[in-house]
Amino acid sequence: MQLQGFFKKPKNELEKGGRTPANAMAEAHAEPSELCPSCKKAVLLNELWDNNLVCSCGHHFRMNARQRIDFITDPGSFCEMDGDLRARDVIEFPGYEKKLKHARLASGEKEAVICGTGTIGGSACCLFVMEPSFMMGSMGTVVGEKITRLFEYATAHSLPVVGFTVSGGARMQEGILSLMQMAKTSGAVRRHSDAGNLYIAVLTDPTTGGITASFAMEGDIILAEPGALIGFAGPRVIEQTIRKKLPEGFQRAEFLVERGFVDRIAPRAGQKKLLARLLQLHERRTAQ
Amino acid sequence: MKTAYEKVQAARAKGRPSGLGFIRGIFSDFIELHGDRRFADDTAIVGGIARLREKPVTVIAMEKGGNTKEKLFRNFGSPNPEGYRKALRLMKQAEKFHRPVICFVDTSGAFCGIGAEERGQGQAIAENLVEMMGLRVPIIAVLIGEGGSGGALALAVADEVWMLENAFYSVISPEGCASILWKDAKKNKEAAECLKLTAEDMKRMRVVERVIPEEGRTFPEIYAYLESLLWNTLEEKENRDLSALLDARYQRFRQFGPMQEMQE
């Protein structure tokens with residue numbers, strides 16, 4: 001049994017809505033089902049695991065980064081990069097050290113993104129996958145640094161980048177330096193793109209704030225998982241600002257396709273195949 | 001010496017000159033150009049062509065408006081996606097005609113509303129970050145009041161970023177930070193302290209190259225000071241080899257990492 005999530009109560013709707021079965025399992029002491037927030041039915045955990053955390057109604061549960069890497073890359077192909085980078089409390093923000101400690105315990109990871117190389121359906125690529133149970137995937141200097149290094153590596157080796165986003169945005173606890181990561185990662189994306197390389201972004205629930213306003217929206221191809229919340233401002237903030245309830249489906253992946261900001265919905269069934277096909281279609285004849 | 005929160009108050013103070021004030025105070029011959037050619041003209045961002053001495057330049061400024069009527073017209077200086085797209089259109093125009101770009105940043109943040117989301121607020125900001133990183137003319141950004149998060153950064157990817165002594169720059173507003181940390185927006189004073197958002201903090205973290213002193217100076221004096229500073233800096237930047245300029249711009253932002261050194 002995994003213990004992730006055991007140490008941390010959900011603080012808000014975003015965190016609650018995306019509970020992984022692992023969290024629920026720890027909470028309910030091995031109760032073998034999980035309530036689906038979409039169809040409100042209890043789903044057997046075994047079935048859910050077999051179905052890549054997708055309910056029979058189509059609801060996509062949140063996935064941890066390692067699970068996702070297992071799910072999307074060819075077995076044994078993933079090779080992690082910069083796994084040891086750890087955040088510093090640069091601006092001495094109250095409670096940050098403690099929060100980092102909790103995040104490390106809750107997620108079993110050192111930071112909110114995992115980067116590396118691997119193959120998808122036989123095609124080599126660089127991969128970044130954000131981790132929802134590490135401070136809601138927020139971007140501080142380490143997340144920015146790891147993603148920048150990944151794009152720089154991909155540029156140097158003429159490799160495509162496939163990136164899975166899940167994030168509440170820039171990490172408040174690192175102050176302005178978190179904001180600077182938006183510009184830094186965008187610069188790295190730009191250089192990778194100028195060299196003629198492919199970047200596919202896959203937006204998963206939720207992708208908001210500074211991530212949407214930087215590398216999430218900078219892909220050559222932008223895919224999104226069904227029902228994923230994607231936006232700049234969070235729905236609660238908008239509701240507070242305009243003092244109105246938001247319409248059903250607002251800021252969901254399907255809404256972004258309708259508005260022209262996302263290329264395609266990519267359900268987990270067929271997601272790996274779709275990525276493999278896209279990578280193959282962009283394979284360079286002259287590449288070494 | 002002001003506290004962090006006193007600086008926040010000074011940056012937001014009534015009567016503090018806004019973006020248009022800086023444009024009129026520093027440049028001559030300003031011709032405003034409107035619209036993003038896609039959706040609308042965003043009144044929260046003003047842009048156009050002007051002269052810095054004899055040199056034609058493109059100037060872009062966030063504008064909050066002075067009185068209540070103006071503030072409403074300017075959406076309190078909170079841009080919609082079309083504002084960022086207008087800014088980008090003017091920057092591309094500057095690139096075509098080899099004009100340097102000068103941006104004046106003053107916003108509590110990008111507007112947050114239904115329309116802004118429908119038209120891709122995040123995408124508009126992201127596109128500016130990418131495009132400004134590779135724009136083939138010099139860019140100088142000056143933070144003149146509020147530097148509110150991504151909405152401010154979308155005009156502040158530049159070769160040099162300067163900041164007025166009483167401006168602030170932050171990843172989140174002190175009020176937003178306080179309500180997350182202590183569930184109480186009224187603790188904004190403490191939050192302002194924690195966020196390290198003052199001009200001195202920015203200088204120490206190398207987020208800005210220069211702090212423009214305000215103490216004991218009138219705004220016309222500040223405009224004159226900025227005018228000669230801009231002139232000298234642009235002369236230097238324009239004489240640089242383009243690839244060196246772009247490389248320095250990339251490295252300027254590349255340095256902000258977990259191992260970053262602070263400047264004393």
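Every chain is numbered from 1, with letters handed out A, B, ... down the list of sequences.
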For atom CD of Glu254(A), decide whether the heavy atoms of other residues, nucleotides or ligands shown that lie under 6.0 angstrom number more than 12.
yes
With chain B as the partner, which of Arg191(A), Glu174(A), Glu239(A) has the greatest number of non-hydrogen pairs under 4.5 Å?
Arg191(A)
Per-residue contact mode, Ala216(A) against chain B (heavy atom under 4.5 angstrom)
neither
Kindly indicate, with the supporting measurements, whether the criterion side chain to side chain contact (heavy atoms under 4.5 Å, CB included) is fulfilled by Cys194(B) and Tyr96(A).
CA-CA 11 Å; Cys194(B) 297; Tyr96(A) 185 37; over 6 Å; no
If you take all heavy atoms of Ala126(B) and Met217(A), which pair is closest and at what distance?
CB-CB, 4.0 Å
At a heavy-atom separation under 4.5 Å, does Met132(B) approach chain A through its side chain, its backbone, both, or neither?
neither
Distance in Å, Ile238(A) CD1 paired with Glu117(B) CD, rounded so as to fall on 0.5 Å steps
4.0 Å
Report the C-alpha distance between Phe253(B) and Gln181(A) in whole Å, list the side-chain angles of each, state the deciding distance to 0.1 Å, and finish with yes or no for side chain to side chain contact (heavy atoms under 4.5 Å, CB included).
CA-CA 8 Å; Phe253(B) 290 92; Gln181(A) 305 309 311; over 6 Å; no
Quick check on Ile242(A) against chain B: is it the side chain, the backbone, both or neither that has a heavy atom closer than 4.5 Å?
side chain
When you look at CD of Glu248(A), are more than 12 heavy atoms from neighbouring residues, nucleotides or ligands closer to it than 6.0 Å?
no
Keeping Arg190(A) on the side-chain end and Val130(B) on the backbone end, is there a donor-acceptor pair under 3.5 Å?
yes
Compare all side-chain heavy atoms of Leu179(A) with those of Tyr169(B) and state whether any distance is below 4.5 angstrom.
yes
Tell me, side chain or backbone of Phe215(A) under 4.5 Å from chain B's heavy atoms, or both, or neither?
neither
Distance (rounded to the nearest 0.5 Å) between Leu129(B) CG and Met182(A) CE
5.5 Å
What closest approach, in Å, do Val142(A) and Pro258(B) show between heavy atoms, and which atom pair accounts for it?
CG2-CB, 3.8 Å
Side chain, backbone, both or neither of Glu152(A) within contact of chain B (heavy atoms, under 4.5 Å)
side chain
Interatomic spacing from CZ in Phe111(B) to OG1 in Thr241(A) - rounded to 0.5 Å
7.0 Å
Measure distances from Arg86(A) to the heavy atoms of chain B and classify the residue's part below 4.5 Å as side chain, backbone, both or neither.
backbone
When you compare the side chain of Ser186(A) with that of Met133(B), does any pair of heavy atoms fall below 4.5 Å?
no
Looking at Glu218(A) and Glu127(B), would you say the former's side chain and the latter's main chain have a donor-acceptor pair under 3.5 Å?
no
Nearest 0.5 angstrom please: Ile125(B) CD1 to Phe232(A) CZ, how far?
4.0 Å
To the closest 0.5 Å, what do you measure between CZ (Arg206(B)) and CG (Leu177(A))?
11.5 Å
Counting distance only, does the side-chain N/O of Lys184(A) pair as donor-acceptor with the main-chain N or O of Gln255(B) below 3.5 Å?
no
Heavy-atom distance under 4.5 Å between the side chains of Gln123(B) and Thr212(A), does that happen here?
no
Please classify the contact between Ala87(A) and chain B as side chain, backbone, both or neither, with a heavy-atom cut-off of under 4.5 Å.
neither
Looking at Arg252(B), Glu193(B), Glu190(B), Lys196(B), which makes the most heavy-atom pairs under 4.5 Å with chain A?
Lys196(B)
Based on non-hydrogen pairs under 4.5 Å, which of Ser149(B), Ala110(B), Ala124(B), Gly147(B) is most in contact with chain A?
Ser149(B)
In terms of heavy-atom proximity below 4.5 Å to chain B, should Ser214(A) be classed as side chain, backbone, both, or neither?
both
Tell me, do Met172(A) and Cys177(B) make a side-chain contact under 4.5 Å, heavy atoms counted?
yes
Rounded to the nearest 0.5 Å, what's the gap from CD1 on Ile114(B) to CG on Leu246(A)? Could you check?
5.0 Å
Pick from Leu181(B), Leu246(B), Val157(B) with the largest number of heavy-atom pairs that fall under 4.5 Å of chain A:
Leu181(B)
Top contributor to chain A interface from Gly150(B), Gly134(B), Ser170(B) [non-hydrogen pairs under 4.5 Å]:
Gly134(B)
Checking Ile211(A) against chain B: side chain, backbone, both or neither under 4.5 Å from a heavy atom?
neither
